[in-house]
2 protein chains.
Amino acid sequence: MALPAQPNRSLIDGLQCLYHVLGSGNPIGSRELARSMGEEHTRINRLLKTLCAMEYLQQDEQKRYLPGAAVHLLSALTIQGSGLLTKALPVIETLMQETGCAAALGVLWNQQVCYLFHGTPQSSLNIAIGRHVPFTATNSSIGKILLSQKCADDWKSAAAACGVDPLSLQRDLQNCANEGYAIDDMSRPGSIAVCVGCPIVAGLALMQGVDKPEILVKKFLSPLQDAAVQITEKLQEHDKQTPAVPAKQLNTHQ
Amino acid sequence: MALPAQPNRSLIDGLQCLYHVLGSGNPIGSRELARSMGEEHTRINRLLKTLCAMEYLQQDEQKRYLPGAAVHLLSALTIQGSGLLTKALPVIETLMQETGCAAALGVLWNQQVCYLFHGTPQSSLNIAIGRHVPFTATNSSIGKILLSQKCADDWKSAAAACGVDPLSLQRDLQNCANEGYAIDDMSRPGSIAVCVGCPIVAGLALMQGVDKPEILVKKFLSPLQDAAVQITEKLQEHDKQTPAVPAKQLNTHQ
DNA sequence: TTGTGTTGGTGCTATTATAGCTTCAAAGGA
DNA sequence: TCCTTTGAAGCTATAATAGCACCAACACAA
């Protein structure tokens, strides 16, 4: 991912602090966070205090940092603003009913896949958010198909980060890019995934235990692609007609 | 909310950019965003490019900005890291079954309430995220109870932001703080709300149309408080035992 | 109770990251 | 074809920031 001519270092590091606190899973002190991030503690402290002032974080009685109201609100705004989950869920439910498969919707970030949805035809419709720890992209059909749309530098970074052979990964991803889908037949159950969104934002997968990966392609690629197209179209309609939150309500420093 | 000695202006403004793009509800260009935020366009452009580089945002074919994978992942991490929704939902479901009321869980930020959950005993368990536009705090029992825990300066800001009489609001909020609950009997249906979390992070409300607000207190305060205590305890257990995402996976610049 | 170590947070100041003006190529619309 | 607006970046002055040193408070062990 190319940096712009003048990236803003404070914003980058501040978001990394936020990410680490959220990923910590429990309250964490400013010096502890600085050590775990390998940074100078005063700077981290100031970034944390700024996030606190904005209510993205708050402090418990021992002054350790934990999520605040603003980050919950950002989550809600993310889901509503992008419409990804609300548009995708009805399509995914139909897809699961028609195919009898489990399905997942996930995003790729920093060589990791995070599920937004994971469910089965039998279970009540369930949102996966909060259910799964992010996991390495190269172990996942969603990860591979999303990674295949990235540049060669990202492929090298991914190979290094995930500890796999770069040439092998390149062949695999090149094939995914060519075919427009990715297969994971190493996990149990196996899965097949395609991209959704324009620009691409997520991967959609169907999962089923099968004897041969070709069966995943033969049985499930077509309905999966149809579902992905439907979701992408719904997202584009969403982008054209979603009323914005009034600017007065968005403005936070007047 | 008091600013620290050396707040980081870039982080503040960068998060406001992100918030505005998400709240926009559709892709938005950098000059358009700068105009709507009342800021100089070069700076906004650099902040947007930085958010893009980190994949919090992405650009469509017309180079307009829309949510990217990282902000979805941050949402998932928020929900998982705080455990607020996953811990609260089973308790809320029981509460709705026992009382026959609709319920809501919401956070307060910038004088606005945002629902994380809103459901009824009859509907399948549903997450409200993405369902409701944030709305002004003083029109909501959740807003009032959360606001009552803030300082007097915040009360004045809220009165100004929501266009209500400061003295009237102060009396109302003082009463909420004293009683430990807030009533909204102006909306249809009426509702009663208490705080959850330690430190407080959200408000939990029950809603039902009643002839008199006293009936809300008499019938629903006790089960509501019980549910709030249960959720708060579960959150504290969560903070003690949630495994963190491995630091290797959190580290984004190595 | 006392001493030690660690904590969160800030004062001070050098410096560099940043902000804002200007400019440009590209794109869209009349 | 011309005009307007766009996203993006070069240049440079400056103010926001980074890092060191320090402090009061707290926890823990002796």
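Residue numbers begin at 1 in each chain, while the letters A, B, ... track the order of the sequences.
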- Message: Protein within reach of the bases, or only the backbone? For nucleotides 4-11 of chain D, mark each nucleotide 5' to 3' as B, S or -, using heavy atoms under 4.0 Å.
- Response: --BBBBBB
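You'll find the side chain of B:Tyr65 stays beyond 4.5 Å of the side chain of B:Glu32, heavy atoms only.
What separates CZ of B:Arg43 from P of C:dC21 is a distance of 13 Å, to the nearest Å. The interatomic distance linking B:Asp13 (CG) with D:dA16 (P) rounds to 11 Å, in whole Å. In this entry the distance linking CG of A:Asn8 with C1' of D:dA16 reads 11 Å, nearest Å. Taking atom CD of B:Glu40 as the reference point, atom C1' of C:dT23 lies 13 Å away to the nearest angstrom. D:dA18 atom C1' lies 16 Å from atom CD1 of A:Ile12, rounded to whole Å. As a whole-Å value, the separation of B:Arg9 CZ from C:dA19 P is 9 Å.
Under the rule for a side chain to side chain contact (heavy atoms under 4.5 Å, CB included), the partners of A:Asp60 that lie at least two apart in sequence or sit in another chain are A:Pro27, A:Gln62, A:Arg64, A:Leu66, B:Pro199.
Closest non-hydrogen pair, B:Ile145 versus B:Gly180, comes out as CD1-C, 3.8 Å.
A salt bridge links B:Glu55 to A:Lys150: one of the charged nitrogens lies within less than 4.0 Å of a carboxylate oxygen.
Of the inter-residue distances, the one linking A:Tyr56 atom OH with B:Trp109 atom CH2 reads 4.5 Å to the nearest 0.5 angstrom.
Counted by atom type alone, B:Asn45 and B:Ser30 present one or more donor-acceptor pairs between their side chains at under 3.5 Å.
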